[in-house]
Amino acid sequence: KLGINKRTSRRQTFPSSQVRAVQEFGAICQERQPDVVKGVLPYWPRIYCRISMDHDRRVREATQQAFEQLVLKVKRNLAPYLKSLMGHWLISQCDTYSPAASAASAAFQAAFPLNKQPEAISFCKDEVLNVLQDNLLKETADTLSDPQSVPEEEREAKYIRLLTCSLLALRRLLNILPEQERELLKERLTQLITQGKFWKYSKHKTPQVRAFFELIAIMCADAPQLIQAEAARACSAVLLSIDDTDPVVLPPLWEAVLHILSCVDNCWTHVSARKGVMPKLWVLLKEGGRGLATSLHPNLLPFISKLPAEVTQPNLEFSRTFLTSVIQGLSSDRATSSPSESAAIIFATMECLRFIILQNAGDEQEQRNIQNMLISEQLLPLIDRALGNPSLQTGPLFPQVSDMLLSWEKRVAGKETPTFQRLLSDFWEGLGHLCTTYVDREEAKQTALEGIASLLQNMHNPNSASKQTKKKKTVKICFMDKEDRGQGEEPPRETQVVEEQHCPLRNRHLLDLVCQLAELNMVYVSERESERHLRFLSQLLGAFPSPQVFQVLLRPEEIKPEMGPELRPLAENTAVYFLLQRVTVWLKQDDRKDTDFLVDMVFSSLQCCSSSDDKTLILNHISRDLNWSVTLQLIEKACADPVRLGVCVGWLRGPVLGERLVGLAGELCVMGLRGSPSSSSHHAHGWPLISLTLSQQHNNEPLIGKAYVKQIIDKLHATLSEAKGMSDAGNMEPLLTFISDVAATFFSSVKDCLLLASAEELLMTVFQLCAQDQIFTHLSDVLLLKLQHAYTAGIQSLITHLGAGATKGTLLHNIGLWVKSQLLTIPLTVKSLQVLVQAVESLAQTIASAQNTSCLLSQFICCLTPTEEEWSCIRQALPPQVLKPFTFTQAKQADPFILFNHRSQEEGSLWSLALAKYMQNSKMEPSHIKALYAQRVIVCFSQTASENSSMFLNPLVQLFVCANCELIVRLSEFFTSPPAGVQEQLPPELNSEWKEFFLEGIHNLLLSLLIKIPEPDDPLFPLPALRAVGEALTYIPVELLTQNKLPPRFVADQRSSLPEPLQTLLNTLSPLLLFKARPLQLAVYHILHKYRLSCYRLSYGEEPCLSPPAALMSILSATEELLENILGGVQVGEFAVVQPLSMEHCFILGYLLAWKLLFTFFKASSSHLRAQYALHLKKTRSLHKLLLHLFRLMPENPSVPGQPAEPSSKEPKIFFTESLYLAPRKTDGLQFELPHLACSVYYGALKDLPAMVRLWWNSQEKRVFSMVDKFTSKYVSGVLSAQEIASVQSSTQTFENMMVKARSATREVIATYSVDDIFIELVIQLPQNYPLGSISVESGRRVGVAVQQWRNWMLQLSTYLTHQNGSILEGLSLWKNNVDKRFEGVEDCMICFSVIHGSNYSLPKKACRTCKKKFHSACLYKWFTSSNKSTCPLCRETFF
């Protein structure tokens, strides 16, 4: 207990010591028994009251956390000390540092349940109030902290925090105490608030202290008598601060303002409203609340509702000034840039305007003046402003206006009928004049016209307004009694005056205005052909498709024009007249580019027709000679809206549109075959129209008639068949592209599309095009991909929706027959056969992925399988260079393995290939493979490959190699970790036979094959086989590497202590790291990574020096210049994108893999060797160049791709936390491989060579220095620090006389060394940018050690941790050995003052013959070279 008290009483010289002390105390409370912990209770109140107010927020947080552990342990035993704790405990719960406040609240809840908390505080209320009064009235910055030892800024900050917390704590005290207990404190509280210092806090320069207003608000609510007694001070402090716009102060200030107005009846006698309060408010409102409208303006309605008559007289001027100031706030910079600020001002304006109207809803002259002023000077100008401002049009103004009109109309039925009738009349008259002003202009503003249309639509459909107004915050207010106000009706209790159910407007004001605007608009359209007015007219008709509106759009002479007999029954409908006489004419204008809004007019006119037959008749009539672009727009808009689709369904499925579409398809096909230019209107809109009508459905039926769908598909099929044999590829490309896009859309969108025979024929033709060589079809790669997508969509639809089979006469059966006919009757080149096989394999994969059962694929394979006679003919006709066989996968009806095995033994050739492909695709379990066959396959493969490696150039052999390597991988995985229960079922000798016979022979042969791979420039380079061999070699045992059978390979003058096989392995495989094939590079990396070279000696100059393996260093030296040429133009810190599988990719990959191997060897070496390796790397500057390259290859944000965009509770995955997957067979995500590998290499450099990286970092220029520091701190330091701490915690290494433990929360490692009566404690603190920053070593406890010796040891440990390339545990081990040698009697080297040398870890051995002092050899060498003398550093005699 005394130790804890001493450590927590330290000043800020060692702030982390205080944190550790408190954390240790919490841990002790958690671990020890309650009887032991109770012993600290007498001392705890004094300690807690001091450190809970500490300047360091970490100390405060840790204090509350430790307090919680103490509470949980002692429980009821805390009661005797509660009164001395409660004051500071309550203050801590209001700490300005949220984690500390939360921790204090958690401790309080642990001590008292929620229902017991008022009782606990009531028990200590007097003591709490004493503490709070002292803090608020007596304490100063100098009394809280010692001016001699604490800086002024720190003293002031602590005092400000204490004031803020005390004010909030007093508020919490009043809020939580029951009313009876508050009454008991009335006298004490009176003494507090009568002090002048208390009220000065309202003007304090620090915003946090002005949380004083929260206290005033709670006093008004819970202790109004106190405020009423000090009404003069309270009203002045609150109301005269009404213009305080600090974001922290404003919400509680306005809460206090509203409470003061309710609590103090005569508050306006203590302040001058006209001189002191209202002018400040007007300025604040004109400035839009200075960016705080969302907090300020919701309080305006409650504020003006509480103002007495003497403040608001004269009502007219007050209302005008108030609303003018509020509306002027819309012009402030913040309101114009922030939609939320603007919306808050609009809501407040409309709420207050409606409230003022309700308060003046009479017929007296003054009230009528106010009503006129509100309409003409406030509301209409506000709407006028919105019509010119798009942001206000999308805000809540128009919905609010609609709600207000609905409310007025409902009040017309009450006793205030004349008033609201007059209001409605004035409003509509003014609005009509305003709208007419904007419309009656030749150059009408588009923004204003759109605003008028939006306003009218909101009025027509008030439901949309209610949805927006419901989103706003509802503020509840309380009004005076209606008798006191002298008004007829009590206003609503909420600012949100929105009726539950909206009804349409019950008068003709809106419709009259629309008709007036439409008629005026039509003048500009007819006489001046104004495009803007025509668009506006379309919007009006879309919102008001009424016969009355269409009536005013027609001239008198147009009321009864002559019409054909088919349309004569519709003669009375003005909408139809307008459509036929006006809209149709506009649609057919050749120079009109935009017809979208005119199409909307068509649908508006059709809404006035009651019969669906009439609508079909009208659409048939107008669509006969419409442009295809307009027809496309009609159908697109119909498909986008179910209501419009129901209007058009008769026309869509009728003969008029169907025959036109069939004719269009025919014209498009003919034009395509002729090679006509694609810029015509037919091509621009025709193909999208055909695609749309074929792909859309209505009620599970085609959009157009089924007969017309069939005719269109027939034309497409005929055209595709005709184009297939034409040689003019350039002109056919656009046509085939359009047909493929239409077919793909049709097959993927319509479920039962392949019920049509013509659709099946089309699909068959598409497949045939994909299965033939491009030399004959003249198809581009892009077009071929489109056709493949089309037939894939067709096959999936065929199987998924129709459950198709492969019986005779079906599509799949016909495809099989066609494939066999191609093989039998047509002479195929190698390329033609390859394309055919790829198409069949793709088709089989599509069937396999789409089928529900395996029988369909088996049926299809049967269709493809030739008879004996056909098979013989095919074998003789096929060329030897077959890239891939037919795909026989997943056939389950018979056992294909037995069939293929038997036929391959009898006939070989393609049957053997079929067997290999089946093994590859069927994913057979190793336990299911017959042991006899496995032996036969492996032995045959190995012998064949070893006899003639040139056979790799044969594609058949490549495929055979791939299948067998896959078998080797499966067997290796199986024998390494057999599934549960399978081991017992195998023959007992099988496992030993595999390891002793097969494994050695297989891998020795594969290893020899690896170095016989031809150059990658060969056109038949066996890349697939190389992937397979590389994957198989990753399973090679380490024992086979040490006894490899590779031909000896040595380098002249190369000194090495490695065994000859290992040196040969290293010299043979290391150059292959730069081979121009990724699978071989990764295979070599995995092989070399399996065996870690731990010692490699090389003679370097006069002084022997240990170097990393020369084979790897030669790789680095060979690639450094190449990388400089590749990346030299990229600035350090910028991300260089490298094309996957390019030459640059291979060089960079080999370079980085060599470094990863070097780090592996480095980590496996002893401390002495690591020091020599580091010295060599420093001399060659290899690591310097690596780090510069890494910061060109690592991305700025190393996040793993494919993560969700939305933030989650989990930490995002980055390249430094995810393991790197380097597999030879990997083919996806290669664009992220080099960035991930670069991050992995950088992580390895920081982990294994921290001192060298730190030395490089400190030598960089300022820009690179800060960039590296920022990147490492953000992405790597946390991961590396956590791993370092975790390695200490989980380490099983034990040290004699030394104990090491780690704290992950504080990133600390604590080492305790004790021998005899000597005790040493050192605290190692990892920096935030570890390992770039210096590791700090702090002094803990020490017993029995002289101060000078103690300082030397701390300096030595700091030096070891800073300059040694290794972990913290290794540095501590080195330091411990140094201290042990010191206690064993070995003297320090008098140059470095250390027993063990910091670099080569040697002991002092070179002794002076005169003074007999011993020195390190390295220290003497440095002394002689730097001083240019050969004398002893101590006695100055010649050293010899």
Side-chain angles (χ1 to χ4, degrees), residues 1-10 14-117 119-121 123-124 128 165 169 172 1285 1289 1301-1310 1312 1321 1323 1340-1341:
K1 291 177 289 187
L2 183 59
I4 293 172
N5 189 13
K6 287 182 178 180
R7 292 184 67 180
T8 55
S9 64
R10 293 180 182 178
F14 300 105
S16 58
S17 300
Q18 292 180 288
V19 177
R20 287 197 300 272
V22 178
Q23 289 175 340
E24 287 179 358
F25 174 67
I28 290 172
C29 292
Q30 192 173 10
E31 296 168 0
R32 301 292 178 86
Q33 294 298 319
D35 293 338
V36 178
V37 178
K38 282 189 292 186
V40 81
L41 287 178
Y43 310 95
W44 178 245
R46 182 175 57 84
I47 298 174
Y48 175 78
C49 293
R50 176 171 47 80
I51 63 176
S52 65
M53 297 292 108
D54 194 271
H55 177 67
D56 190 344
R57 61 185 184 181
R58 297 178 301 164
V59 174
R60 301 201 304 274
E61 181 183 4
T63 299
Q64 307 306 328
Q65 294 170 345
F67 193 12
E68 182 180 5
Q69 298 301 324
L70 177 65
V71 167
L72 293 173
K73 191 65 69 172
V74 302
K75 298 181 180 178
R76 293 179 178 271
N77 295 293
L78 186 67
Y81 311 96
L82 198 58
K83 290 188 177 182
S84 54
L85 287 168
M86 187 61 75
H88 286 81
W89 201 354
L90 198 62
I91 292 174
S92 297
Q93 294 178 53
C94 303
D95 199 316
T96 54
Y97 181 53
S98 298
S102 300
S105 299
F108 195 70
Q109 292 173 6
F112 308 105
L114 192 61
N115 59 336
K116 295 290 185 180
Q117 290 179 9
E119 182 180 346
I121 293 180
F123 175 69
C124 308
V128 171
C165 297
R172 181 176 173 83
I1285 296 296
Q1289 293 174 334
K1301 60 181 179 178
R1303 295 195 185 104
S1304 58
T1306 56
R1307 300 157 68 106
E1308 293 175 342
V1309 177
I1310 301 174
T1312 306
E1321 182 184 76
V1323 180
R1341 292 175 290 171

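One-based numbering along the sequence shown.
With values rounded to the nearest 0.5 angstrom, Arg60 atom CZ is found 7.5 Å from Cys165 atom SG. The distance from atom CD of Gln23 to atom CD of Glu1308, rounded to the nearest 0.5 Å, is 7.5 Å. Of the inter-residue distances, the one linking Arg32 atom CZ with Lys38 atom NZ reads 15.5 Å to the nearest 0.5 angstrom. Atoms CD and CG, from Glu61 and Asp56 in turn, are 10.0 Å apart once rounded to the nearest 0.5 Å. The distance from the CZ atom of Arg50 to the OG1 atom of Thr63 is 9.5 Å, given to the nearest 0.5 Å.
Between Arg172 and Gln117, the closest heavy-atom pair is NH2-OE1, 4.5 Å. Across Val71 and Ala107, no two heavy atoms sit closer than the pair CG1-O, 4.2 Å.
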Going by atom type alone, with no hydrogens or angles, which donor-acceptor pairs under 3.5 Å involve a side-chain atom of residues 77-86 and a protein atom two or more places apart or on another chain?
{"from": "Asn77", "atom 1": "ND2", "to": "Val74", "atom 2": "O", "distance (Å)": "2.9"}
{"from": "Ser84", "atom 1": "OG", "to": "Tyr81", "atom 2": "O", "distance (Å)": "2.9"}

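Contact of the Arg57 side chain with the Thr96 side chain is not registered, since no non-hydrogen atoms from C-beta on lie closer than 4.5 Å. Using a 4.5 Å cut-off on side-chain heavy atoms (C-beta onward), Gln33 and Val37 make no contact.
Residue-environment remark: CZ (Phe123) stays at or below the threshold of 12 foreign heavy atoms within 6.0 Å.
With 3.5 Å as the limit, one finds a donor-acceptor pair spanning the side chains of Ser92 and Gln64.
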